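This report concerns only the one structure given below.
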Amino acid sequence: MKIVKAEVFVTCPDRNFVTLKITTSEGFVGIGDATLNGRELSVASYLEDHLCPQLIDLDPSRIEDIWQTFYKGAYWRRGPVTMTAIAAIDMALWDIKGKVAGLPVYDLLGGASREGVMVYCHATGHSINDLLDDYAKHKEMGFKAIRVQSKVPGIERSYGISKNQGEAYEPAAKGIRPNVESWSSEKYLNFAPKMFDAIRNKFGFDDHVLHDVHHRLTPIEAGRLGKSIEEYSLFWMEDPTPAENQEAFRLIRQHTTTPIAVGEVFNSIWDCKQLIEEQLIDYIRSTVTHAGGITHMRRIADFAAMYQVKTGAHGPSDISPIGMAAGLHLDMWVPNFGVQEFMGYSEKMLSVFNTNWRFENGYMHPSDKPGLGIEFNEVEAKKYPYQPASLPIARLEDGTLCNW
Ligand code: CS2
Ligand code: MG
C-alpha cells in the first residue's frame, strides 16, 4: 500500500483548525490535527509546502520510519510548528493503521489500562460567587475534576476569563493584532487563596480542584502561591512559572508540596527531560497535537513513568476534536495516566468533526471504532474559511510586557 494523497484543510467553525487528510492506494483514509493556536497557517504551509509532497508513494504502515525521517531529516529540529506538522502526519498514519487492522488505536498501543479517562473541565467566574455557580453547574454535569479560574479584583482582562460571564472562552481574538490584557502578581497572590477557600468551604474536598497559573509568576512567587494554598489540597497548580529554565522549579519544590503540572507548550521530550528526571513536576501536560504525535507522546509518557510523573494532557478547544480523540486513545492505554483536560467544543465545531467518543459521569471513552474513531466533514469545513486570529499579550500596570 502507498500514500497517494496528502491534503491540508484550514477551517474556522467558531475558531481555526488545521486538518491533514492522508489517502492510500487501497482507499484507507487517515486524519490528523495540525492546529497551533494563532500560528495555524505556519503549520499548514510546513505541511503543504514541505512534508506532504514527500509523503507521496511512502508506505503508510512505516509510522516510525516516517517520524524519524521528518524529525531528523528536517535538520532544523523541534519547535511547535515542526512538531505539530509531524504530529498531524503521525496521527493520520495511526488512524490508517487502526482502520487496516480493524482496531481502535488504544488497542494497537497495548490495550486499555482503565475503563474510562477522567477528564477535567473549566469553571470560571467574574467573581468568586459567579465561580461557585459555574463550579456547581459542572459538578452537576458529572465532572469529578474541575479547574477553577476567577477574575482577580483590580485586573481588568487576564487569561482564562471570558469577556462576558457564561460565554465560551476563546483566547485568540479575530484579527492580526493581539488583544492587550493586564496582570499584577501581587493582586493575584493576595486573591488566589480566597478563591480556593470559597470552593472548598462550599463543595468540600471530594472533587479534584485544579488551577492554571499560566506562566505568570516568578519561581519564588510560585513557591509562595503553592505554600499559601496547601491547605486546599489542589490536584495541581499548572504552569506556575515559565519552563524554559527547568531548574527554576527546584526553588518552587523547596517551598511547597502543592503538585505541579507543566508542559502544554512543550513539543519534545527534551523540553521536559530535567523536570521529569529531577521530579520537579508531578504531571506532564504535553499533547499528541503539539509534541510530535502519538509516537513521541508515548515516549514522553514512558520516560515520565520511570520517575512517577503522570500524564495530564492539555485539552483546550484550540486542539481540534481529532487531536482530542488521539489524546483519548493514548489516555486509555498509558499506565501512568493522571487526568485529561476537556474544555469541550461548540455545535458548529462538532458539525465539522464527527466524534464518536462518550462522556459519562466525569469519564470519557474514545470509542471502539477502528483507528481514531472520528470523521472530518469536508463539505461542512468549506463553509467556514480561515479567519486571522491572535493570542493575547499581557502588560503590567506600568506597561511592561509580561507573560500572558
Ligand atoms: C490553557 C490553554 O487550557 C489551558 O491549560 O493554558 O487554554 C491555553 O491558554 C491555550 O491553549 C492557548 O491557545
Ligand atoms: Mg494551561
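Each ligand, and each atom within it, is numbered from 1 in the order the structure gives. These numbers were taken from a predicted model, which means no experiment stands behind them.
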Nearest non-hydrogen protein atom, atom 3 (O) of ligand 1: Glu341 OE2, 2.5 Å
Atom name in Glu264, limited to N/O/S, at shortest distance from the Mg ion (ligand 2): OE1
N/O separation below 3.5 Å, Tyr120 to ligand 1: no
Atom name, Asp212 (N, O or S, nearest to the Mg ion (ligand 2)): OD2
Residue pair Asp59 / Ser61, side-chain donor-acceptor N/O under 3.5 Å: yes
Part of Arg147 within contact of ligand 1 (heavy atoms, under 4.0 Å): side chain
Leu391 and ligand 1 - part of the residue with a heavy-atom distance under 4.0 Å: side chain
Protein heavy-atom partner closest to atom 2 (C) of ligand 1 - residue, atom, separation in Å: His314 NE2, 3.3 Å
Minimum-distance protein heavy atom relative to atom 6 (O) of ligand 1: Glu264 OE2, 2.5 Å
Validation row, ring centre Tyr283 to ring centre Phe235 under 6.0 Å: yes
Derivation and outcome, ring-ring contact (aromatic ring centres under 6.0 Å, His included), residues His314 and Phe266: CA-CA 11 Å; His314 191 209; Phe266 293 169; over 10 Å; no
Any donor-acceptor pair under 3.5 Å from Asn179 side chain to Pro392 backbone: no
Pair Phe9 and Phe376, ring centroids less than 6.0 Å apart: yes
Atom 1 (C) of ligand 1: the protein heavy-atom neighbour that sits closest, reported with distance to 0.1 Å: Tyr159 OH, 3.1 Å
Within reach of ligand 1, part of Met343 (heavy-atom separation under 4.0 Å): neither
Ion pair Arg200/Glu231, N-O distance below 4.0 Å: no
For atom 10 (C) of ligand 1, the protein heavy atom that lies nearest, with its residue and separation: Asp318 OD2, 3.5 Å
N/O separation below 3.5 Å, Glu238 to ligand 1: yes
Salt bridge Glu64-Arg299, side-chain N to carboxylate O under 4.0 Å: yes
Arg298/Asp302 salt bridge by N-O under 4.0 Å criterion: no
Minimum-distance protein heavy atom relative to atom 9 (O) of ligand 1: His214 NE2, 2.8 Å
Salt bridge (charged side-chain N to carboxylate O under 4.0 Å, His left out) partner of Lys139, chosen from Asp206, Asp207, Asp133, Asp134: Asp207
Numbered atoms and elements of ligand 1 in range of Arg285, under 4.0 angstrom, heavy atoms: 4 (C), 5 (O)
Atoms of ligand 1, numbered as shown, that sit under 4.0 Å from any heavy atom of Asp212: 1 (C), 4 (C), 5 (O), 6 (O)
Side chain, backbone, both or neither: Trp404 near ligand 1, heavy atoms under 4.0 Å: side chain
Element-labelled atoms of ligand 1 that are located less than 4.0 Å from some non-hydrogen atom of Pro316: 7 (O), 11 (O)
CA sep, side-chain torsions, deciding dist, call: Asp282, Arg253, salt bridge (Lys or Arg N to Asp or Glu O under 4.0 Å): CA-CA 11 Å; Asp282 304 278; Arg253 278 308 213 206; 2.7 Å; yes
Partner of Tyr159 under ring-ring contact (aromatic ring centres under 6.0 Å, His included), chosen from Tyr188, Tyr169, Trp183: Tyr169
Flag, side chain of Arg395 to backbone of Thr400, donor-acceptor distance under 3.5 Å: no
Protein contact to atom 13 (O) of ligand 1 [nearest heavy atom, distance to 0.1 Å]: Asn37 ND2, 2.8 Å
Metal proximity, Glu238 vs the Mg ion (ligand 2), N/O/S cut-off 2.8 Å: yes
